[in-house]
Amino acid sequence: MKQSKLFTKTQKDAPKDEVSLNAQLLIRAGFVDKLMAGVYTMLPLGLRVMKKIENIIREEMNGIGGQEILMPSLHPKENWTITGRWDTMDDLYKVKDSSDREMALGPTHEEIVVPLAHKFINSYKDLPFAVYQFQNKFRMELRSKSGVLRGREFIMKDLYSFHISEEDLNKYYESAKQAYFRIFEKAGLKDKTHLTFASGGSFSKYSHEFQTVTSAGEDIIYVCQKCNIAVNKEIIDETNKCPECDSSDFQEEKAIEVGNIFKLNTKFSVPFDLSVMDEKGEKKTVIMGCYGIGLGRLMGTVVEVHHDAKGMIWPEAVAPFKVHLISLGKNEEAEKIYAELQKNNIEVLFDDRDESAGKKFADADLIGIPYRVVVSGKSMQAGGVEVKKRNEEKSEIIEMTYLLQKLK
Ligand code: ATP
Ligand code: MG
């Protein structure tokens, strides 16, 4: 894409009321726009990152047998009264239409997916299965000071799995855990993300969160220095021991919950009477798990972890483009390289704007695309183009013929 055609522009300053670093950088670089606290528009650059994240997650969810669906945002009140959460969920947005019919804007989808499953399954032969979606959630979050980490409207991947037995759920839960590790590894968060024991499991004592260590985190976790697993401060018990390895050597850290997995047991299948006939013809209540990841929160977490004083530093798998091609002065060579990169399916943002070198370099650092390729009279005199990685200081002159090789 040509930068001269991009309808957004970079900004020197972020809005004064935006205190979080992730939103400041994302807004200044033209990835997102703030509509109001906790509500953001995804602009072309930001949406490209979100789509990369979405596809990484989709591949992994398909890999564990998830079937993609899309459930509505507008929910009938009745579904929420059946589980009791119409009255107990503080962050539920409630709306009324002109005939006084009450509805909820979905903050999560157990109330929809369980009655949906009820329509299709009746035998143990219909189990197990799992469905997932990428969908806008609405939550009346009180604190909305964390930029895209805590939206009032935000996109979540939520997967729900349905099983005949606890053993079958446990097996699936493990495969989901591994899929989550791969997702956070691909997003460049492997080193800082810890599997974290948290409260709230229905079978076992725990559910699991994936917590990424950064000073922007709202959670406090204790990272076991022996096995690298963590425990959420909210649940650490009197024994002060690692539930995994029994060590009590912990390091306290601030962290962001980028995802979680949860054994629901029969919590939602009971109120909707979701059951099947087992092999003996006996009625069995279906056992469930749920598995969430916030896409905007993941994008914001990547920014919190990967940036410097000049701007963002995107890991390649989630970068909006792979290459930032910059032409200095009028030169046709840059146009040729742009065409060549596109022909080879290398994603490239081409800074063809009539701006100073200083402005172009500053914008490239702010936007944070992994490879910067500069084409100038000077570089051509030296025999090619100047290539620099965003996360490295030194640049090198590369002959045109080797450029594709290097980038492929
Ligand atoms: P938190 O404790 O941070 O409020 P939660 O326990 O409410 O999170 P879940 O309901 O389990 O979160 O949602 C699943 C995932 O959705 C979370 O792990 C997180 O990645 C994401 N998520 C939750 N709330 C938000 C939000 N307000 N904005 C963006 N992402 C969110
Ligand atoms: Mg919450």
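Numbering of ligands and ligand atoms starts at 1, following listing order.
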Mark the output for [X] as yes if a heavy-atom distance to ligand 1 is under 4.0 Å, and as no if none is.
| X | value |
| --- | --- |
| Gly259 | yes |
| Leu149 | yes |
| Thr108 | no |

Relative to each other, are the rings of Phe197 and Tyr206 parallel, tilted or perpendicular (30° and 60° limits)? perpendicular
Taking the inter-plane angle between the rings of Phe210 and Phe184 on a 0 to 90° scale, is it parallel (under 30°), tilted (30 to 60°) or perpendicular (over 60°)? tilted
When every non-hydrogen atom of Lys137 is compared with those of Pro107, the smallest separation belongs to CD-O, 3.5 Å
Check for me whether [X] meets the cation-pi criterion with [Y], that is, NZ or CZ under 6.0 Å from the six-membered ring centre and within 45 degrees of the ring axis.
| X | Y | answer |
| --- | --- | --- |
| Arg152 | Phe138 | no |
| Arg390 | Tyr371 | no |
| Lys190 | Phe181 | no |

Closest protein heavy atom to [atom], given as residue, atom name and distance to 0.1 Å:
| atom | answer |
| --- | --- |
| atom 13 (O) of ligand 1 | Met156 CE, 3.4 Å |
| atom 1 (P) of ligand 1 | Arg150 NH2, 3.6 Å |
| atom 31 (C) of ligand 1 | Phe154 CE1, 3.3 Å |
| atom 5 (P) of ligand 1 | Arg139 NH1, 3.9 Å |
| atom 19 (C) of ligand 1 | Arg297 NH1, 3.6 Å |
| atom 11 (O) of ligand 1 | Asn260 ND2, 2.5 Å |

May I ask you to check if ligand 1 and [X] share an N or O to N or O distance below 3.5 Å?
| X | result |
| --- | --- |
| Gly294 | yes |
| Gly151 | yes |
| Ile293 | no |

Min side-chain heavy-atom separation Leu325-Asp351 under 4.5 Å: no
Run the salt-bridge test on Glu316 and Lys52 with the 4.0 Å N-O cut-off and return the result as yes or no. no
Taking non-hydrogen atoms only, is Glu257 closer than 4.0 angstrom to ligand 1 via side chain, backbone, both or neither? both
Part of Glu209 with heavy atoms under 4.0 Å of ligand 1, whether side chain, backbone, both or neither: neither
Check whether Thr10 reaches the backbone of Ala29 with its side chain - one donor and one acceptor, N or O, closer than 3.5 Å. no
For the salt bridge (Lys or Arg N to Asp or Glu O under 4.0 Å) test, which of Lys233, Lys254, Arg150 pairs with Glu218? Arg150
Check each atom of ligand 1 against the heavy atoms of Glu141 and keep those under 4.0 Å away; list them by number with element. 24 (N), 26 (C), 27 (N)
